[in-house]
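Below, each value reflects all heavy atoms present in this structure, side chains not excepted, and no hydrogens, waters or symmetry copies.
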Amino acid sequence: MGLEQRGGQPVTVRSREGQAFADVAAASGISVSVESGGSPGLGDKSVLTPSNSVRFVVLTANGASTEFGVKTVRSLSGVPISPGYAAGKAIILQQMSVSDVPRYAIATADVEGEISRFHGALERSCEELGQLEQRVLDELGHMQSSIFSAHLALLQDRQFTNKVKSRVRDDLVNVEQALDREISDLARLLATVENEYLRERALDLQDVGKRVMRQLTREQSRSASSLPPQSVVVARVLLPSETIDLDRQHLVAIVTEEGGENSHAAILARALGIPAVTAVAGACSLIASGAPLLVDGQTGGVTLLPSARARKSFEGLKQRYSQHVRLEVDAERLPCVTRDGTEISLLANINRDDEAGLVGQHHLDGVGLLRTEFMYLDSPQPPDPQLQLAAYRRVLGALAGRPLVIRTLDLGGDKLPAFISRRSEANPYLGLRGLRFSLSEPELFAGQLQAIAEASRGGNVRVLFPMVLGPSDLRQGIEMLEEAAKTAGCAARPPVGAMIETPSALFALPEILERVDFVSIGTNDLTQLMLAADRNTTQLLESASVLHPSVVRAIHQVVRACQAAGRELCVCGEAAGDPDFAGLLAGLGVRHLSMSPVRSASVRFRLRASRLQALQRLAEQALAAESAQEVAQLLAATCAGEA
């Protein structure tokens, strides 16, 4: 048996008996116990964090060698994107890197040959994607398969493919290099914008690029389609194709360094029921392959090399979570009514027409927010009003009489379609946005309003204007809607609502309420604009969150104004989907909440377990609080008291 250590280098230990190893480790000042991994003579314990910067320990017991990752860091934290708890061993996903791309110059005579190779790779990739799209449709449904429909559309986009071919001709480089440059430039441009939808498109581009690259190089996919039992896949970022190809029989959790709650990988993980955590800084370098992990998809915690006590505690959490999920699912068919009889209406925020089926699946009361940007951001030219009308009618058909609130275009800032020239603005995110942007593009706006008015003739449709500043822009929007309704032959215009998400709208509430039929609060933008906080910072700093007392008081101000004016109020920002904050909103007087459908079960369960009187006391305390941290503590205490 020997023990060797060189300033942070791996330590090698050879021992035929676990106790002998423990003795040598203790003598070296390393606090380590041993996990046998099936080798005789070793105790069934976890490898503990050493007192120095040891990276690996190699144990040889009775001739069998086992390598364990040992880190000075015992726990990591990230953002939970798919709920659940899982224990397993890390598998570091090896992904194609820039250095893997062949790069060489070509002669002019070789150009057509390279382009021919490109066409062949495109055809094979399209065939692959068509098969994948159908498989996902059969297994998970239309919403998930539409991810790969978009990939297929990109490969068939002549503007994209022509740019790759132009690089081959103009730069005289091989097609792999041309493809990589085009994908990299487009992805880099999209990755810098604040809007999460467009950042997600950057990952789609990378995914499509890797698929075509594999066809060009004839390289086998590096996907983890075959995994050992109880595998936790750890990756820098998971692309949609990589996620769907994971070995689901043996995969128990996903940990990534990059990603978001609304990323396509997150959507697929939730659909597959796989716990997932993202934004775990340095995960691929801090976690060794084979290291035991505990993944908490509720809090975003990742525990490395857990002790027996940590495992036991984690197993208890997992069992309670499973029981809680069963109770939540059972309660989805029940009305959302507090224990003392106050009814709260739960509605859905949806991003595309193909998500409308989730409303019925989760027993929601309708759509409180249909974001319409997808028809514009996915299109190289303005979408025809008839195409828009068809999308609205598909949603109405799925809702079967339930109300549909259509938010008009929330473009501008970092969200601009390809067919609109990018404006030069010092701070585009605070520039021409929402209703102001639509009014600056009257032809585009009129086309959308025409489609909405036509849809309202045969369905329960309401119109919601985003980023309203005050009575002036609201009046112009309503006048254009009335003109569209008259052209469509409507007996009256559809009901109109204003999104309250700017400080100016708060000060203009009386005038706004005189002109609208209902009001919605967008907590995301309201928080950012009230607290002068970057949107990404809003997700990270408690002091710049929706829990800030100033934001809570602003919401309360809108509630009281709507009550006085007899106008319906709905909160449709992300905060409405947080069970604890939903309780606070109910205590403030909000009776309509719109959220991502997958979050509604938790909200319903939380509200059904609450008494309105307790939530009203919570609201009073939150309104008197001095910090976001204090409000968070109040929420936690109320939740614990109701449990």
Side-chain angles (χ1 to χ4, degrees), residues 76-84 93 95 143-144 146-148 150-151 186-208 233-244 246 253-272 274-284 295-302 349-352 355 358 369 371 373-374 377-378 410 413-415 429 522-525 527-528 533-541 544-546 572-578 595-599:
L76 302 171
S77 62
V79 176
I81 55 174
S82 183
L93 186 63
Q95 297 168 302
M143 184 178 75
Q144 289 76 23
S146 66
I147 294 170
F148 301 102
H151 289 197
L186 288 172
R188 192 179 302 114
L189 176 65
L190 292 174
T192 59
V193 302
E194 293 186 28
N195 180 258
E196 188 172 353
Y197 178 88
L198 292 181
R199 288 202 303 272
E200 180 58 35
R201 295 289 288 167
L203 292 179
D204 286 332
L205 281 167
Q206 293 173 26
D207 199 340
V208 169
V233 165
V234 181
R236 184 185 64 79
V237 64
L238 264 185
L239 302 176
S241 295
E242 294 169 333
T243 307
I244 204 66
L246 293 171
I254 294 169
V255 176
T256 60
E257 295 182 358
E258 300 174 19
E261 183 180 6
N262 295 315
S263 70
H264 287 160
I267 291 170
L268 291 169
R270 288 194 291 268
L272 295 168
I274 301 167
V277 176
T278 192
V280 181
C284 292
V295 179
D296 185 338
Q298 303 301 111
T299 66
V302 179
N349 293 343
I350 61 175
N351 300 299
R352 308 178 68 91
E355 296 178 8
L358 294 172
L369 177 66
R371 300 180 176 100
E373 293 77 41
F374 72 94
L377 294 174
D378 286 349
D410 188 11
D414 58 349
K415 287 188 292 185
Y429 197 76
T523 54
N524 303 6
D525 284 312
T527 300
Q528 179 199 10
D534 180 85
R535 196 164 203 170
N536 294 324
T537 305
T538 303
Q539 299 167 2
L540 297 175
L541 299 180
S545 79
V546 72
C572 58
E574 288 180 13
D578 178 272
M595 66 206 67
S596 171
V598 297
R599 304 178 74 176

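With values rounded to the nearest 0.5 angstrom, L268 atom CG is found 9.0 Å from S241 atom OG. A distance of 11.5 Å separates OG of S596 from CG of L369, quoted to the nearest 0.5 Å. Interatomic distance, E242 CD to D207 CG, rounded to the nearest 0.5 Å: 6.5 Å. With rounding to the nearest 0.5 Å, the separation of CD1 in I81 from CD1 in I274 is 10.5 Å.
By the 4.5 Å heavy-atom criterion applied to side chains, L358 and I350 are not counted as neighbours. Side-chain contact between L238 and L93 is present, with heavy atoms from C-beta onward closer than 4.5 Å. Looking only at side-chain heavy atoms (C-beta outward), E355 and P597 stay at 4.5 Å or farther from each other. Counting heavy atoms from C-beta outward, I254 and L246 have side chains that approach closer than 4.5 Å.
Between D204 and P240, the shortest heavy-atom distance links the atoms OD1-CG, 3.8 Å. Here the closest non-hydrogen pair linking G260 and T278 is N-CG2, 4.2 Å. Here the shortest heavy-atom pairing between P80 and G297 reads CB-O, 3.1 Å. When all heavy atoms of N349 and C572 are compared, the pair lying nearest together is ND2-O, 2.8 Å. Of all non-hydrogen atoms in D410 and E373, the two that sit nearest each other are N-OE2, 2.7 Å. Pairing each heavy atom of R270 with each of P83, the nearest pair is CG-CD, 4.3 Å.
A donor-acceptor pair under 3.5 Å is formed between the side chain of Q298 and the backbone N or O of G84. A donor-acceptor pair is defined here as one N or O able to donate and one able to accept, closer than 3.5 Å; no such pair exists between the side chain of Q206 and the backbone of L239.
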